[in-house]
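To find a chain, count down the sequence lines: A is the first, B the second, and so on, and within it residues start at 1.
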There are 4 protein chains.
Amino acid sequence: MEKMSTEKRSEILEAAINLFSVKGFERTTVDEIAAKANVGKGTIYLYFRNKEHIFLAIVEEGISYLKQLFLQVTKEKDFTLQLRELILSYLKFAEDNREIYRLFMKERLAMRLCNDSIIEKRFIEMHHELYQFFTDFMQRGMDEGVLCPADPGYLGMALNGIISHCVFHWLYSNDQQPLTKLTDTLCHLFLKGAASNLNLHVSGGVQDVS
Amino acid sequence: MEKMSTEKRSEILEAAINLFSVKGFERTTVDEIAAKANVGKGTIYLYFRNKEHIFLAIVEEGISYLKQLFLQVTKEKDFTLQLRELILSYLKFAEDNREIYRLFMKERLAMRLCNDSIIEKRFIEMHHELYQFFTDFMQRGMDEGVLCPADPGYLGMALNGIISHCVFHWLYSNDQQPLTKLTDTLCHLFLKGAASNLNLHVSGGVQDVS
Amino acid sequence: MEKMSTEKRSEILEAAINLFSVKGFERTTVDEIAAKANVGKGTIYLYFRNKEHIFLAIVEEGISYLKQLFLQVTKEKDFTLQLRELILSYLKFAEDNREIYRLFMKERLAMRLCNDSIIEKRFIEMHHELYQFFTDFMQRGMDEGVLCPADPGYLGMALNGIISHCVFHWLYSNDQQPLTKLTDTLCHLFLKGAASNLNLHVSGGVQDVS
Amino acid sequence: MEKMSTEKRSEILEAAINLFSVKGFERTTVDEIAAKANVGKGTIYLYFRNKEHIFLAIVEEGISYLKQLFLQVTKEKDFTLQLRELILSYLKFAEDNREIYRLFMKERLAMRLCNDSIIEKRFIEMHHELYQFFTDFMQRGMDEGVLCPADPGYLGMALNGIISHCVFHWLYSNDQQPLTKLTDTLCHLFLKGAASNLNLHVSGGVQDVS
DNA sequence: GATGAATGAGCTTTCATTCAT
DNA sequence: CATGAATGAAAGCTCATTCAT
């Protein structure tokens, strides 16, 4: 009995992920989810309080899976290797969960000011966790002397931005090659920048802007 | 059609920008826009064919302004200076048009598969233009020998990602300091990377991944 | 000044007749009438209290013209000739005022229970007048011994029905020949019936059903 | 779709027939239909795609019932008896389905140029079927020598006109006597005409006008 | 548990009418 | 007189949610 329930729940989530990622949260109807999941419409409300909680469940699971991936990063001893592993995990996640990732990007900002404040809070919370993880990670890099001193928050943002924009492009192009192939490129880009060695004189420098 | 009060049109757009950027396109009702613009609901339909065309107008204006900013970038002769100017323009646009920028980010992916294909096409078109601009820009940097050889598309994505994620964070934090203060930091980060000089041995390298 | 006003009024009516007859009263907008009449929308409300009064004006004019035609019928001395003249007038009116006639048929019953009871009353009144005319006419035919005794109301209805259904068919077919060609056929049909002379035994007979 | 409560569907149709026949299609709102049918507004859209399809359903059912009545007409062997039966069926239908009949007359012409061309086509189609039935019927009468040679189409129109105008009058008067009482009168009128026997000299004659 | 028929609040859009110019 | 920008009531329709079975 429990098993069957879990199965139904998964089918609903699977259907919802697919539809949300393609049509967006608002444009997807509960009827469509029920139809795609081969489930009665009423059944959905046995497993989820309402439409928004389906969304919440997807995000929770996605985030928790991603966090788990990130935690394994620290198994490497060298910071540089950890960084490489972090990027690899990120890319792998996007590659393996193309739809969930697309959903994340699409709805990242859309949930603000929705009626159900529990969801909103949880959503912001999750983002903050990820932000914190990246920030801590960067701080560690600086502590270890691998990264030059700078605002760790912005460094985290920058890394996140570099990766996610590349994933974004990959998502909407028909690029068939594996995303993970980009790992070393992005790692190097983040650490050493885009400039050729010849470009010696750059105005400014990385300052702490906090 | 086009002779009607420009003022009313602006008020409607102003209201729509604000609401769309806070609540998102779908969750904003035409009634709300009318109320915020101090205008009758019917009036909106004198100036815009429907709700989606309000959105389209906002995006068109925003993009055209942004493109204009970017075109001025090339006035600088040195590529590095151009890069700095590009980042500055981007940050300045976000700072001056906080709400429009937020709207852009929020709805970047939401418009796919909407009914009115004219809008969808136009939206994709505009994104492509910006992408092309960044790609061409990077290509120029490589031709001039300032950037090391790599896929210019991904380099553009990376720069875009670095900047936009920092803006994103700024948008949703209560950071009061001007965004433009980040210009040199981001410029340096993009060109020279985050690594300290001590970090000599990085696995991999920037390859052309096209 | 007066002349110009009358001209504008006519243009509005002309436009309204055309649109009402094609699209029906409800589906025609005041904007369309104004556009077709080359007149400002507000101008229409200088000449007519509201949209329904435009309709009323059309009907009033049409009916009064039709009544005038019918009055001339009595110039003939012989009842049979009067009947022929009546049918001819009817057909000629439909032929010359194709759109107005179509409008009459289309909206004959649609006006019941509309908000403006003045219009409704007037509309029913006009129908009653026509009904009365036909009834009186038939009564005269009976009094003169030309028609066999029967309920004059139903005889009137029958004649009206014969003519109007033929006109109806002509309106919506592409029959190019003049409607008036049917005059004698319909006259004969009404007076002598459709049966061949051989058909001697008809059950029943014309009774007074009043 | 088709398994849902037939009862609800009937109640909706019943309400719609009543309202359409009184107020007309355009002036009747879906809210009113829902209220009269003691049904939620949304429920209506479970049974019918949109407002026009409610109308279509009514007409389809009415026409199919009427056609069935007409088909039984041919059970009589004698043409004259068939004619009598046809008129009787017609009158009986109007008497038993007063509102549906009124609806038919009211909207006969109103549907032209509506948006949903499927409905428009079907509506015209159905009218054509009825017209064809009457035409064929008259042709048969002529072939059998009962009717004098004439355009069968116009003869059909004439009969239709005679009957429908009498029904029309009955509908809007408070005539309490049964319509079917008119059967023989109308039959005789159609076959032998309205003239008394004394009226021997009628100009013209029934010609074939096709 | 599972279902889907039923619901009505709420949406976008239209359009007759007004009124300042 | 003439105009057309402005309006909001009212329309058709959708869809998240409920609940009897």
**OP:** Rounded to the nearest angstrom, tell me the gap between atom NE2 in B:H53 and atom C1' in E:dT13.
**Re:** 14 Å
Subject >> Sugar-phosphate only, base, or nothing, as touched by D:D31 at under 4.0 Å among non-hydrogen atoms >> reply: nothing
Subject >> Residue mapping more 5' on DNA chain E - nearest nucleotide basis, D:G40 or A:V39 >> reply: A:V39
Subject >> Polar side-chain atom of A:K41 near backbone of A:E32 as donor-acceptor pair, under 3.5 Å >> reply: no
Original post:
In whole Å, what is the span from the NZ atom of D:K23 to the C1' atom of F:dA11?
Top reply: 12 Å
Original post:
Any sub-3.5 Å donor-acceptor pair from C:N50's side-chain atoms to C:H53's backbone N or O?
Top reply: yes
Original post:
D:K51 near the nucleic acid: base, sugar-phosphate alone, or nothing, with a heavy-atom cut-off under 4.0 Å?
Top reply: sugar-phosphate
Original post:
Quick one: is A:T29 getting a side-chain N or O under 4.0 Å of the F:dC15 phosphate, OP1 or OP2?
Top reply: no
**OP:** Mind calculating the distance between CZ (B:R9) and P (F:dA5) to the nearest angstrom?
**Re:** 15 Å
Original post:
Counting only heavy atoms not in D:E125, do more than 12 fall under 6.0 Å of its CD?
Top reply: yes
Original post:
Tell me: CD of A:E7 to C1' of E:dG1, nearest whole Å?
Top reply: 15 Å
Subject >> Ionic contact status for C:E26 with D:K23, cut-off 4.0 Å >> reply: no
Original post:
Given side chains that start at C-beta, do those of A:I54 and A:F20 come closer than 4.5 Å, heavy atoms only?
Top reply: yes
**OP:** Convert the base pairs of DNA chain F into dot-bracket notation, remembering that pairs crossing earlier ones are written with [ ] and that bases paired across to another strand are shown as |; include only Watson-Crick or G-U pairs under 3.5 Å.
**Re:** .||||||||||||||||||||
Original post:
Whole Å only: how far is the CG atom of C:N38 from the C1' atom of F:dG4?
Top reply: 15 Å
Subject >> Check: D:K41 side chain, E:dT7 base, donor-acceptor under 3.5 Å >> reply: no
Original post:
Choosing from E:dT17, E:dT7, E:dT13, which nucleotide comes nearest the side chain of C:V30?
Top reply: E:dT17
Original post:
Expressed in angstrom and rounded to an integer, what is the separation of B:E26 atom CD from F:dT14 atom P?
Top reply: 15 Å
Original post:
Can you check whether D:L171's main-chain N or O pairs, donor with acceptor, with D:R102's side chain at less than 3.5 Å?
Top reply: no
Original post:
What is the distance, rounded to the nearest whole Å, between atom CG of B:L46 and atom C1' of E:dT14?
Top reply: 11 Å
Original post:
Is there a side-chain contact between D:K36 and D:E14 (heavy atoms, below 4.5 Å)?
Top reply: no
**OP:** Without swapping roles, check the side chain of A:T28 against the backbone of A:G24 for a donor-acceptor pair under 3.5 Å.
**Re:** yes
For nucleotides 19-21 of chain F, give me every protein contact, N/O to N/O, under 3.5 Å, one pair per line with atom names.
none

**OP:** Quickly, which of B:F104, B:F48, B:F25 forms a ring pair (Phe, Tyr, Trp, His ring centres under 6.0 Å) with B:F55? Name it, please.
**Re:** B:F25
Original post:
Within the structure, does a side-chain N or O atom of D:K8 lie under 4.0 Å from either OP1 or OP2 of E:dA6?
Top reply: yes
**OP:** In whole angstrom, give the distance that lies between atom CG of C:N50 and atom C1' of E:dC15.
**Re:** 14 Å
**OP:** Tell me, please, whether D:Y47 has D:K8 positioned over its six-membered ring: NZ or CZ under 6.0 Å from the ring centre and within 45 degrees of its axis?
**Re:** no
